[in-house]
Every structure is written in structure tokens, then in C-alpha cells.
Amino acid sequence: MSRVAATAVRGTRDVLPPESSSWQWAEGIARRLCAQYHFQEIRTPIFEGLEVFQRGIGETTDIVEKEMYVFQDRSERWLALRPEGTAGVVRAFLEHGLPAGPLPVKFFYLGPMFRYERPQAGRYRQFEQFGVEAFGSESPALDVEIISLGTAFLEALGISGWQVQLNTIGCPVCRPRYRQRLLELLRPRADQLCASCQSRLERNPLRVLDCKEESCRRVTADVPAPEEYLCSECAAHWQAVQEGLRAVGILYQVTPRLVRGLDYYTRTVFELIAPGLGSQDAVLAGGRYDGLVEEMGGPAVPGIGFAAGMDRLLLSLEQGGQGRAAEPELDVFVARAGDVPETAALQVVQELRKQGWRVDQDYLGRSLKAQLKAADRAGAQLTLVLGEAEWAQGQVVVRTMATGEQETVNRAVLTQAVTTRLQRTA
RNA sequence: GUGGGCGUAGCUCAGUUGGUUAGAGUGCCAGGUUGUGGCCCUGGAGGUCGUGGGUUCGACUCCCACCGCUCACCCCA
């Protein structure tokens with residue numbers, strides 16, 4: 001027999017225990033926090049019609065231009081694996097007529113996203129995101145709550161050394177003015193920009209600010225910040241967001257160069273960065289997208305959200321040596337010694353599981369020594385030895401693994417004996 | 001898409017100017033205890049040396065190609 005394939009597809013990976021338990025733990029934190037902030041789960045498909053992403057994310061973004069997994073199904077409809085969560089959530093929001101219902105609505109999602117990029121540290125082709133989206137309010141208080149949820153998430157995970165970078169990029173009223181001013185300042189010096197910035201100068205001059213190229217940095221060094229060109233509404237919003245953040249004690253750093261890659265953002269944009277990740281250090285990022293719902297064919301409903309890269313967050317924890325110690329996942333191991341029927345173990349195991357305990361047993365007919373070793377390795381608190389001699393008299397040996405103490409108890413009171421011992425250690 | 005680094009047991013890695021049966025640690029299995037884990041001792045299983053080709057009397061070692069992994073650019077979570 002030859003193997004089907006030697007390895008997982010490039011950019012994808014397997015999560016095995018005990019790592020999988022770290023994922024459950026982190027996802028549990030996300031869910032708990034969302035409950036506290038009253039965000040409810042939405043589950044949207046992993047693939048959508050291609051146009052959902054083209055319209056939602058923007059035709060000229062890198063994601064749509066070159067990073068999507070696009071394919072045709074058997075009826076030759078064009079589909080794409082979702083490269084991010086927001087577009088699908090907006091589609092669902094509209095499809096179910098939610099703009100006509102009670103607003104605001106606050107959703108969260110958890111699941112895989114797909115982008116065709118060269119993998120590197122903290123970047124995969126299939127990666128896991130935790131995201132939130134809130135529709136129907138322009139209130140700066142919502143901006144503050146979203147950012148607060150983001151920082152609370154990193155706190156709860158135990159990430160240390162993170163920071164919030166914050167900026168505003170205005171709205172359709174004021175951004176054109178800023179854009180115009182940028183063009184006036186940059187055009188004369190276009191020859192000093194890097195190749196990619198020269199090409200994006202006309203298309204999306206704001207992104208030149210974001211460039212890390214030394215030469216571009218010099219050119220943009222003395223360019224005014226977006227906040228100097230805000231319209232009065234955006235300026236008020238921007239002030240209110242900052243006041244709100246200060247009011248709830250969230251430290252942030254205004255980063256005028258922070259421009260997001262997706263077309264749909266307006267006003268508030270932010271990024272949370274964490275240490276230990278090499279160059280992919282943005283672990284959670286988002287912003288306001290007040291024009292997106294309308295852009296996708298719905299009414300003018302404002303929105304705001306963020307997405308967190310779970311792979312990067314867990315990687316950052318590992319790098320910082322803050323990974324959690326694996327907790328034991330087994331309470332009782334049932335072993336047999338001598339001529340004891342398999343059905344005896346089956347019954348004991350089942351009885352204990354009915355009480356809610358986590359129970360496993362030996363399936364290989366191994367020596368008692370080997371069985372105890374297996375119990376130890378699995379982290380069992382107790383091992384029950386069904387010994388031939390004791391079993392014949394209706395008794396079972398209960399061994400407490402931590403101390404090695406053993407006691408022989410009657411079969412009839414076994415459940416109770418196990419329960420009192422486990423509760424004592426719990 | 002572009003560039004750098006790396007591919008030897010399940011894992012982490014040695015392998016000396018190319019030389020004959022490719023090693024260690026760890027993990028796994030078993031024995032030391034005819035029914036008792038964690039420490040210790042002993043033994044065992046486990047490798048197409050990434051793949052293909054070339055040079056050579058001889059290649060894990062040198063050369064070429066390909067594949068894969070990885071880091072970085074780009075971009076992004």
C-alpha cells in the first residue's frame with residue numbers, strides 16, 4: 001500500500017493534542033467574553049459567491065486581486081473560500097432582513113479563513129479568526145466597546161506586552177480632501193517613492209503612508225496626519241472615541257500612518273500588536289465600516305468590527321513562554337489484573353461515566369504494570385484495579401495515583417468511594 | 001510572485017579531509033517485580049540519510065535539478 005499524500009497542503013496544518021486543548025481554551029475565552037459584552041454567535045458558510053467578496057472587500061485590494069481561493073462548482077457558478085469574515089456576515093445581515101429589525105445587532109464568529117499567500121511565521125493559507133461585528137450605531141461608545149473587547153481578549157489570554165494603535169481615516173465627506181492634499185504633496189516627489197508606492201499613489205495614496213520602505217518614509221515624514229483634515233462630524237467622533245478609551249482606562253497610541261488594507265473602513269481604525277511574532281505582529285485589527293452595508297446593496301447602516309488571528313495569538317503565547325500547562329483530562333483509569341472478564345470493566349467504566357467522571361480503560365490486555373503506566377501518562381487521578389482475587393469477592397482496589405495509597409472497597413459502594421476521593425482532590 | 005536558510009529514527013540533533021554493519025538523547029515496547037505507575041538498570045523495535053540524476057573504486061558527505069519546510073519582502077489576522 002502506498003500512502004495517499006505525505007503532507008498536509010502547504011499553508012495548512014494539523015492541530016493535535018495537547019495543542020488542540022489550547023485552542024479549545026482560547027475559543028472558550030472568546031465565547032465567554034462575547035457573552036459578557038453581549039455579542040451573539042453567527043455562523044456563516046465557509047464559501048460564498050465570488051461577488052460577495054469582490055463587492056465587500058473591494059476589487060482593488062490585494063485579497064481580491066490575488067489571494068482568494070476561487071473555484072467553480074459543478075454548475076459552473078463562481079465561488080470563493082472566505083478570505084475574511086466581515087463580507088459574509090454583512091451578506092447574512094442583509095439576506096435575513098436584519099436592518100429592518102431591532103438595532104444594533106452584535107455578532108461574533110469563530111472559524112477558518114483562507115488566503116493564497118506565501119506562508120511564514122504566523123501566516124497560513126488556512127487560518128483561524130475570532131471576529132466581531134456590530135451594526136446599526138454610529139456611537140463612539142460602540143467603537144470603545146469593540147476595542148475594549150479586543151484588549152480584554154488579549155488580557156484574558158495572558159498576552160503581555162501588547163499595545164493598541166489607533167487612527168482615524170475620515171469618511172466620504174472629508175477623506176477626498178485629505179487625499180487631494182496628499183496627492184499634492186507626494187506627486188512632486190513621486191520619483192523618490194518605491195516602485196509599488198509609485199503605482200499606488202494615484203489609486204490609493206493613503207496606503208503610501210503605510211509603506212515601510214525607508215525612502216517612502218522620508219517622503220511622508222512631514223505629511224500632515226488625517227486628523228487635521230477631518231470634517232466636523234468625524235472630528236467630533238474621533239475626539240469622543242479617545243475620551244471614551246481614556247474613560248475606561250485603555251492605553252492607546254495614535255498612529256497617523258495606520259491605514260487598513262481593506263477598502264471598506266471609515267473613521268476609526270485600530271490594530272493590536274503583540275510581541276514574539278516576527279514581522280507578522282498584528283494579532284487583532286479592525287475598524288469602522290459605515291459605508292459597507294450600503295455598498296453591498298443594503299440601506300445605510302453603519303458597522304464596526306475586528307478580527308483576531310487565533311494562530312498568531314497562540315503563537316505569541318508560546319513564544320513568550322506563557323503557554324498553559326496541560327491539565328489532566330482523565331479522572332479514572334480502569335485496569336484489570338488476572339482473569340477478570342472484560343464486561344466487568346465495561347460496567348464499571350459506564351457506571352462512573354454516568355456520574356460525570358472522565359474514565360478510560362485498557363483495551364490491549366496489557367500487564368498491570370503497563371496499565372498503570374498508561375494511567376499515569378494520561379494523568380488519571382485514580383486507578384481502579386479489578387483484581388482476580390478481589391473481584392471474586394465483589395471488591396475493587398482503588399489506587400490514588402498521586403500518593404500511591406490503595407484501598408479495597410466493595411463493588412456496591414465503588415461509585416461513592418470514587419466520588420469522595422475525586423471531590424477531595426478537586 | 002521575489003530572495004535567504006534548511007531537509008539524517010516519532011521528536012531534538014550528531015555524523016569528523018567522501019571509506020565498508022549510520023549514531024546519541026528523548027519517546028515507544030518489553031524485562032528486572034508469576035498483580036502495581038512516576039526514579040534507576042537491561043534489552044528490543046524503529047531510518048527509501050527529502051526525491052531523481054551526476055562525479056567517484058566507493059556518496060549521508062561533492063555537483064545539478066526538482067520537491068518540501070522555514071524565514072523575510074509584498075500584504076495581512
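Within every chain, numbering begins at 1; the chains are lettered A, B, ... in the order of the sequence lines, protein sequences first and strands thereafter. Every value quoted in this text rests on a predicted model; they were computed, and no experiment measured them.
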Requested in this report: List in chain and number order the residues that pass side chain to side chain donor-acceptor pair (under 3.5 Å) with Arg181(A), two or more places apart in sequence or in another chain; answer none if no residue qualifies.
Outcome: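 Applying side chain to side chain donor-acceptor pair (under 3.5 Å) to Arg181(A) gives Glu184(A), Tyr229(A).
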Work out how far the [atom1] atom of [N] is from that of [M], and round it to whole angstrom.
N: rU70(B); M: rC60(B); atom1: P; answer: 27 Å
N: rU56(B); M: rC64(B); atom1: C1'; answer: 16 Å
N: rU26(B); M: rG38(B); atom1: P; answer: 15 Å
N: rG25(B); M: rC63(B); atom1: P; answer: 32 Å

I'd like to know if [X] pairs up with [Y] as an ion pair, taking the criterion as any Lys NZ or Arg NE/NH1/NH2 lying under 4.0 Å from an Asp or Glu carboxylate oxygen.
X: Glu351(A); Y: Arg411(A); answer: yes
X: Glu295(A); Y: Arg55(A); answer: yes
X: Arg31(A); Y: Glu27(A); answer: no
X: Lys66(A); Y: Glu117(A); answer: no
X: Arg43(A); Y: Glu41(A); answer: yes
X: Asp143(A); Y: Arg267(A); answer: no
X: Arg13(A); Y: Glu19(A); answer: yes

Indicate every side-chain donor-acceptor pair of residues 270-277 of chain A with a distance under 3.5 Å to a residue at least two apart or in another chain.
residue   : atom : partner   : partner atom : Å
Glu271(A) : OE2  : Arg260(A) : NH2          : 3.3

Any base atoms under 4.0 Å from [X], or only sugar-phosphate, or nothing? Heavy atoms, all strands.
X: Glu390(A); result: base
X: Ala389(A); result: base
X: Lys373(A); result: sugar-phosphate
X: Ala402(A); result: base
X: Gly387(A); result: base
X: Gly286(A); result: nothing

**Report entry** Of residues 124-131 of chain A, the positions that come close to RNA chain B - non-hydrogen atoms, cut-off under 4.0 Å
**Finding:**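 Going residue by residue through residues 124-131 of chain A, the ones with a heavy atom under 4.0 Å of RNA chain B turn out to be Tyr124(A), Phe127(A), Gln129(A).
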Query raised in the report: Reckon Arg10(A) has a side-chain N or O less than 4.0 Å from the OP1 or OP2 of rC69(B)?
Result: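 For rC69(B), OP1/OP2 do have a side-chain N/O of Arg10(A) under 4.0 Å.
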Query raised in the report: When you check the phosphate oxygens OP1 and OP2 of rC29(B), does a side-chain N or O of Arg377(A) lie under 4.0 Å from one of them?
Result: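 True: Arg377(A) side-chain N/O within range (under 4.0 Å) of rC29(B) OP1/OP2.
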For the side chain of [X], starting at C-beta, report the closest nucleotide among [options].
X: Arg118(A); options: rG37(B), rU2(B), rA30(B); answer: rU2(B)
X: Gln280(A); options: rC73(B), rG37(B), rA77(B); answer: rC73(B)
X: Glu388(A); options: rG35(B), rU36(B), rC73(B); answer: rG35(B)
X: Arg366(A); options: rA77(B), rA30(B), rG37(B); answer: rA30(B)
X: Arg115(A); options: rC76(B), rG35(B), rG3(B); answer: rC76(B)
X: Arg312(A); options: rG35(B), rG31(B), rA77(B); answer: rA77(B)
X: Lys66(A); options: rC74(B), rC76(B), rG35(B); answer: rC74(B)
X: Ala121(A); options: rA77(B), rC71(B), rU36(B); answer: rC71(B)

Query raised in the report: With distance as the sole criterion, do the side chain of Gln371(A) and the base of rU36(B) form a donor-acceptor contact below 3.5 Å?
Result: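 In this structure, the two groups form no donor-acceptor pair.
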Query raised in the report: Does the rG1(B) base have a donor-acceptor partner in the side chain of Glu117(A) within less than 3.5 Å?
Result: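 A donor-acceptor contact between them is absent.
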Between [atom2] on [N] and [atom1] on [X], what's the gap in Å once rounded to a whole number?
X: Arg123(A); N: rA72(B); atom1: CZ; atom2: C1'; answer: 10 Å
X: Leu368(A); N: rG32(B); atom1: CG; atom2: P; answer: 13 Å
X: Gln120(A); N: rA77(B); atom1: CD; atom2: C1'; answer: 13 Å

Side-chain donor/acceptor pairs under 3.5 Å, residues 365-374 of chain A, sequence neighbours excluded:
residue   : atom : partner   : partner atom : Å
Arg366(A) : NE   : Asp362(A) : OD1          : 3.0
Arg366(A) : NH2  : Asp362(A) : OD1          : 3.3
Ser367(A) : OG   : Ala370(A) : N            : 3.1
Gln371(A) : OE1  : Arg336(A) : N            : 2.9
Gln371(A) : NE2  : Arg336(A) : O            : 2.7
Gln371(A) : NE2  : Arg366(A) : O            : 2.8

Requested in this report: Could you check Ala380(A) against Leu277(A) and say which one's nearest nucleotide on RNA chain B is further toward the 5' end?
Outcome: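 Taking each residue's closest nucleotide, the earlier one in sequence belongs to Ala380(A).
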Query raised in the report: Quick one: stems for RNA chain B, with Watson-Crick or G-U pairs under 3.5 Å, at least three in a row?
Result: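 Stems (3+ consecutive pairs) listed as B:1-7 with B:67-73, B:10-13 with B:23-26, B:28-32 with B:40-44, B:50-54 with B:62-66.
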Query - All side-chain contact (heavy atoms from CB on, under 4.5 Å) counterparts of Asp14(A), not counting sequence neighbours - result: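 Result, side-chain contact (heavy atoms from CB on, under 4.5 Å) vs Asp14(A): Ala8(A), Leu16(A).
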